[in-house]
Amino acid sequence: MPRLTRQLITGEELDRRELEALLDRALELKASRGDASAPRSLAGRSVALVFERPSTRTRISFEVGVAELGGTPIVLRGDEMQLSRGESIGDTARMLSRYVHGIVIRSGSDEAVGELANVAEVPVVNGLTPLHHPCQALADLLTLRERFGALVGLKLAYVGDGNNVARSLAILGRTAGIEVRIASPDGYRLDPGLAALDTEDPKAAVAGADAVYADVWVSMGAEADAEVRRVALAPYQVNTELLAGAADRAIALHCLPAHPGEEITAEVLYGPRSAVWDQAENRLHAQKALLELLVG
Ligand code: CP
Ligand code: NVA
């Protein structure tokens, strides 16, 4: 069967069938992790992991994931490459394509990642840009799948900044058949029409939801606006009172890193409804399935 997907930049590359197959595979990989029979589907393959911005989860989960599948991960910081001295992203893509079998990149520029993906002759994965974080959304969908079974018809409420994580949840959630609702203040709203419900009212978004999702108020690159953001987003904290309006079975999600007391309370983050730590673990399993699809 021809491979349909060669890259994951915005999440729109995956259709529902591919997305479901990827999540099925991720669950298999999770179940067989560490077994003698665990697949070595990246044997003989190398993957460049280019980080122009800080990362804990994305970097570690990709590095471990490539290694567990028998491949060689090569972690590269932007400031240790000639990129930092003016070599173009296009030439970087040309060269990397001669050495490695796939590229994961975290960058402060969606345009740069788009150019890398256009020029590269190997699959490219977006490991976070200002506009998108599709790998995060894959792990989030995997977590919902584990907790609730079928995804179609689930209701997910994202509360806070209409940022990269919100956009990727809206895009991939829609593909999965989830009703994604976003509550953000004026000035921090997502592109119109992307979510099933786009409101300024957190309570309206959360009403009856199966999952309530928080992300930081100050994303990487937005530090100059930190104080203004903390004021604008203060009414959008995910706390016990807000969660009370969700479904009885509702879980709390956060992509991490968290700032307890800001976008989420410690009570919710560390409480019984938190699925946050499974969600972080699921980065590994979802990305291993993605690597198999693109690079294996
Ligand atoms: N959630 C996430 O992408 O975390 P890192 O920034 O640590 O990679
Ligand atoms: N929205 C956050 C996500 C971090 C994983 C950021 O872009 O910094």
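Only a predicted model underlies this, so the values are computations on that prediction, with no experimental measurement involved. Counting convention: from 1, in listed order, for ligands and their atoms alike.
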*asked:* Taking 4.0 angstrom as the limit and counting only heavy atoms of Arg106, give me the atoms of ligand 1 inside it, by number and element.
replied: 3 (O), 5 (P), 6 (O), 8 (O)
_Atom indices of ligand 2, in the order listed, that fall short of 4.0 Å to a heavy atom of Asp215_ = 1 (N), 2 (C), 3 (C)
_Less than 4.0 angstrom from a charged side-chain N to a carboxylate O is my criterion; do Glu20 and Arg145 meet it?_
no
*Report the part of Asp161 (side chain from C-beta onward, or backbone N, CA, C, O) that has a heavy atom under 4.0 Å from ligand 2; answer both or neither where that applies.*
neither
*To the nearest 0.1 Å, how far is atom 4 (C) of ligand 2 from its closest protein heavy atom, and which atom is that?*
Leu128 CD1, 3.9 Å
_Mode of Leu128 contact toward ligand 1 - side chain, backbone, both, neither (heavy atoms, under 4.0 Å)_ = neither
_ligand 2 N/O within reach of Arg106 N/O, cut-off under 3.5 Å_ = no
*For the pair Arg85 and Glu87, find out whether any cationic side-chain nitrogen is under 4.0 Å from an anionic carboxylate oxygen.*
no
_Under the salt bridge (Lys or Arg N to Asp or Glu O under 4.0 Å) test against Asp210, which residue among Arg181, Arg249, Arg273 passes?_
Arg249
*Out of Leu27, Leu23, Leu141, which one pairs with Glu146 under the side chain to side chain contact (heavy atoms under 4.5 Å, CB included) rule?*
Leu27
*Closest non-hydrogen protein atom to atom 2 (C) of ligand 2, residue and atom name please, with distance?*
Ser219 OG, 3.3 Å
*Which part of Leu256 is near ligand 2, with near meaning a heavy atom under 4.0 Å away: side chain, backbone, both or neither?*
backbone
*In terms of residue, atom name and distance, what is the protein heavy atom nearest to atom 2 (C) of ligand 1?*
Arg283 NH1, 3.3 Å
*Nearest 0.5 Å, what's the CD-CG distance between Glu115 and Asp110?*
13.0 Å
*Atoms of ligand 2 less than 4.0 Å from Val216 heavy atoms?*
2 (C)
*Look only at the side chain of Thr129 and the backbone of Gly108, and say whether a donor-acceptor pair between them is shorter than 3.5 Å.*
no
*Ligand-residue contact atoms, ligand 1 with Leu256, heavy atoms, under 4.0 Å*: 1 (N), 2 (C), 4 (O)
*Apart from Ile89 itself, residues in the same hydrophobic cluster as defined by side-chain heavy atoms under 4.5 Å*: Ile9, Val50, Ile74, Leu76, Met81, Leu83, Met95, Leu96, Tyr99, Val100, Ile103, Ile105, Val113, Leu116, Val122, Val124
*Taking Glu262 as the fixed residue, which of Arg229, Gln237, Arg230 is the one that meets the side chain to side chain contact (heavy atoms under 4.5 Å, CB included) rule?*
Arg230
*Give the atoms of ligand 1, by number and element, whose distance to some non-hydrogen atom of His133 is under 4.0 Å.*
2 (C), 3 (O)
*Met220 N/O to ligand 2 N/O under 3.5 Å*: yes
_Numbering as shown, the atoms of ligand 2 that approach Asn163 to under 4.0 Å (heavy-atom distance)_ = 1 (N)
_Value rounded to 0.5 Å, distance of CD1 in Ile171 from CD in Glu13_ = 8.5 Å
*Which ligand 1 atoms does Cys255 reach within 4.0 Å, using its non-hydrogen atoms?*
1 (N)
*Would you kindly confirm whether Leu151 and Leu156 end up in one hydrophobic cluster when ILVMFWY residues are joined by side chain heavy atoms under 4.5 Å apart?*
yes
_Enumerated ligand 2 atoms positioned under 4.0 Å from heavy atoms of Asn164_ = 1 (N), 2 (C), 6 (C), 7 (O)
*Among Arg59, Arg57, Gln136, which one has a heavy atom closest to atom 4 (O) of ligand 1?*
Arg57
*Give the residue and atom name of whichever protein heavy atom lies nearest to atom 7 (O) of ligand 1, and the separation in Å to one decimal.*
Thr56 N, 2.6 Å
*Examine distances only and state if a side-chain atom of Asp15 and a backbone atom of Arg17 form a donor-acceptor pair shorter than 3.5 Å.*
yes
